[in-house]
Amino acid sequence: MANHWTQLKSGGELGIITEAYREKRWYAAYTSANHEKRVAEQLVVRDVEHFLPVYESVRRWKDRRVTLKCRCFPGYVFVCMALRDRLQVQQVPGVANLVGFGGTPAALPKEAIEALRASLESGVRAQPHPYLTLGRQVQVRSGPMAGMQGILLQRKGRFRVVISIELIERSVAVELDEADLRPLP
């Protein structure tokens, strides 16, 4: 027992645990239905870095066309925080919980969130897509999503890559040029 305590004091398991609690990572906050925008507004007030992926959709009504900003991942807002600060997010009205296992939030791949954020900011066309796990795997070679892997779809001569976030089992389809893609073995 003394040997285990000495290891903990010298930065063994305890050092790993406390480091994980201090390091900022991306997490998925599951929200109440249609509360994503309100949650994002509250996160701004609380000075919490967050990302609410949206895309533009043109809808035709009887007398006009309207451009709406719709959520790519309905029910989710991504937050960048240290685990020790999770109460600050969980207390936001509209946040149901942080997605994870056994009561512990699970971190999302930083590269995936940053690539998705960069692509949407650069004007890449994206929209929600049913979650896919099977299909022709490709990797994006250039552009804001360089390095990302997904499943290739081809419709009406246009290429789309379906990028999936496994933790929340949601996908988004991004329109890309064929020249920006390379097949994976």
Trainee: Assigning hydrophobic clusters by single linkage (Ile, Leu, Val, Met, Phe, Trp, Tyr; side-chain heavy-atom cutoff under 4.5 Å), is Val39 placed with Ile168?
Mentor: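 Different hydrophobic clusters.
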
Trainee: Is Leu181 reachable from Met145 through a run of hydrophobic residues whose side-chain heavy atoms are each under 4.5 Å from the next?
Mentor: yes

Trainee: Nearest 0.5 Å please: distance from the NZ atom of Lys69 over to the CG atom of Leu52.
Mentor: 10.5 Å

Trainee: Rounded to the nearest 0.5 Å, how far does CZ of Arg60 lie from NZ of Lys62?
Mentor: 13.5 Å

Trainee: Output, in order, the C-alpha distance, side-chain angles, deciding distance and verdict of side-chain contact (heavy atoms from CB on, under 4.5 Å) for Ile113 and Phe51.
Mentor: CA-CA 8 Å; Ile113 300 297; Phe51 174 48; 4.0 Å; yes

Trainee: Between Tyr76 and Tyr30, what is the ring plane arrangement, given parallel below 30°, perpendicular above 60°, and tilted in between?
Mentor: tilted

Trainee: Could you give the distance from CD (Glu178) to CG (Leu152), rounded to the nearest 0.5 Å?
Mentor: 8.0 Å

Trainee: Check this for me, if you would: do Glu23 and Arg25 make a salt bridge, where the nitrogen-to-carboxylate-oxygen distance has to be below 4.0 angstrom?
Mentor: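 Yes, this pair counts.
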
Trainee: For residues Val172 and Ala126, report the shortest heavy-atom separation together with the two atoms involved.
Mentor: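 For Val172 and Ala126, the tightest heavy-atom pair comes out as CG2-CB, 3.9 Å.
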
Trainee: If you look only at distance, which donor and acceptor atoms sit under 3.5 Å apart when one is on a side chain in residues 153-163 and the other is two or more places apart or in another chain?
Mentor:
from, atom 1, to, atom 2, distance (Å)
Arg158, NH1, Glu175, OE2, 2.8

Trainee: Is any side-chain heavy atom of Arg182 less than 4.5 Å from a side-chain heavy atom of Val140?
Mentor: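 Heavy-atom side-chain distance check fails, nothing below 4.5 Å.
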
Trainee: Grab the two heavy atoms, one from Arg38 and one from Asn34, that are nearest each other, plus how far apart they are.
Mentor: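 Distance-wise, the nearest heavy atoms are NH1-O, 4.1 Å.
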
Trainee: Is it the case that the side chains of Glu114 and Trp26 hold a donor-acceptor pair, with the cut-off being a distance below 3.5 Å and no angle test?
Mentor: yes

Trainee: With side-chain contact (heavy atoms from CB on, under 4.5 Å) as the test, would you mind laying out the steps for Leu116 and Phe73 before giving the verdict?
Mentor: CA-CA 12 Å; Leu116 184 60; Phe73 301 101; 3.5 Å; yes

Trainee: To the nearest 0.5 Å, tell me how far Glu36 CD sits from Thr31 OG1.
Mentor: 4.0 Å

Trainee: Between Gln88 and Arg46, do the side chains contain an N or O donor and an N or O acceptor separated by less than 3.5 Å?
Mentor: no

Trainee: Rounded to the nearest 0.5 Å, how far apart are CD of Gln127 and CD of Glu56?
Mentor: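 Between atom CD of Gln127 and atom CD of Glu56 there are 13.0 Å.
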
Trainee: CZ of Arg136: more than 12 outside heavy atoms within 6.0 angstrom?
Mentor: no

Trainee: Evaluate whether atom CZ of Arg125 has more than 12 neighbouring non-hydrogen atoms of other residues, nucleotides or ligands under 6.0 angstrom away.
Mentor: no

Trainee: If you measure from the Lys or Arg side-chain nitrogens to the Asp or Glu carboxylate oxygens, is any gap between Glu49 and Arg117 under 4.0 Å?
Mentor: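 Yes.
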
Trainee: Is the number of heavy atoms from other residues, nucleotides or ligands under 6.0 Å of Glu166 CD greater than 12?
Mentor: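 Result for CD/Glu166: open.
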
Trainee: Using the rule given for side-chain contact (heavy atoms from CB on, under 4.5 Å), can you reason through Leu120 versus Val54, listing the C-alpha separation, both sets of side-chain angles and the distance that settles it, and then say yes or no?
Mentor: CA-CA 8 Å; Leu120 291 174; Val54 294; over 6 Å; no

Trainee: At what distance, to the nearest 0.5 angstrom, does OG of Ser142 lie from CG of Asp180?
Mentor: 3.5 Å

Trainee: Are Val99 and Leu43 connected in a single hydrophobic cluster, I mean Ile/Leu/Val/Met/Phe/Trp/Tyr linked by side-chain heavy atoms less than 4.5 Å apart?
Mentor: no

Trainee: Do Phe78 and Val124 share a hydrophobic cluster (ILVMFWY, side-chain heavy atoms under 4.5 Å, transitive)?
Mentor: yes

Trainee: Do other residues, nucleotides or ligands put more than 12 heavy atoms under 6.0 Å from Gln149 CD?
Mentor: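 For Gln149, atom CD is crowded (more than 12 foreign heavy atoms under 6.0 Å).
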
Trainee: Could you pull out the closest heavy-atom pair between Leu134 and Ile151, with the gap in Å?
Mentor: O-CD1, 3.6 Å

Trainee: Closest heavy-atom contact between Ser122 and Ser119?
Mentor: OG-O, 2.9 Å

Trainee: Please examine the side chains of Leu98 and Gln90, heavy atoms only from C-beta on, and report whether any two atoms are closer than 4.5 Å.
Mentor: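 SC-SC contact between Gln90 and Leu98 confirmed.
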
Trainee: Side-chain heavy atoms under 4.5 angstrom apart, residues restricted to Ile, Leu, Val, Met, Phe, Trp, Tyr: same cluster for Val89 and Leu108?
Mentor: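 No, because Val89 and Leu108 fall into different hydrophobic clusters, even though each may have its own neighbours under 4.5 Å.
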
Trainee: To check you understand the geometry: which heavy-atom pair defines the closest contact between Tyr55 and Pro128, and what is its length?
Mentor: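 Looks like CE2-CD, 3.1 Å.
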
Trainee: Carefully, step by step, assess Lys24 and Met81 under the rule side-chain contact (heavy atoms from CB on, under 4.5 Å).
Mentor: CA-CA 5 Å; Lys24 281 190 160 195; Met81 62 172 195; 5.6 Å; no

Trainee: Which pair of non-hydrogen atoms, one from Ser171 and one from Ser164, has the smallest distance, and what is that distance?
Mentor: OG-OG, 2.6 Å

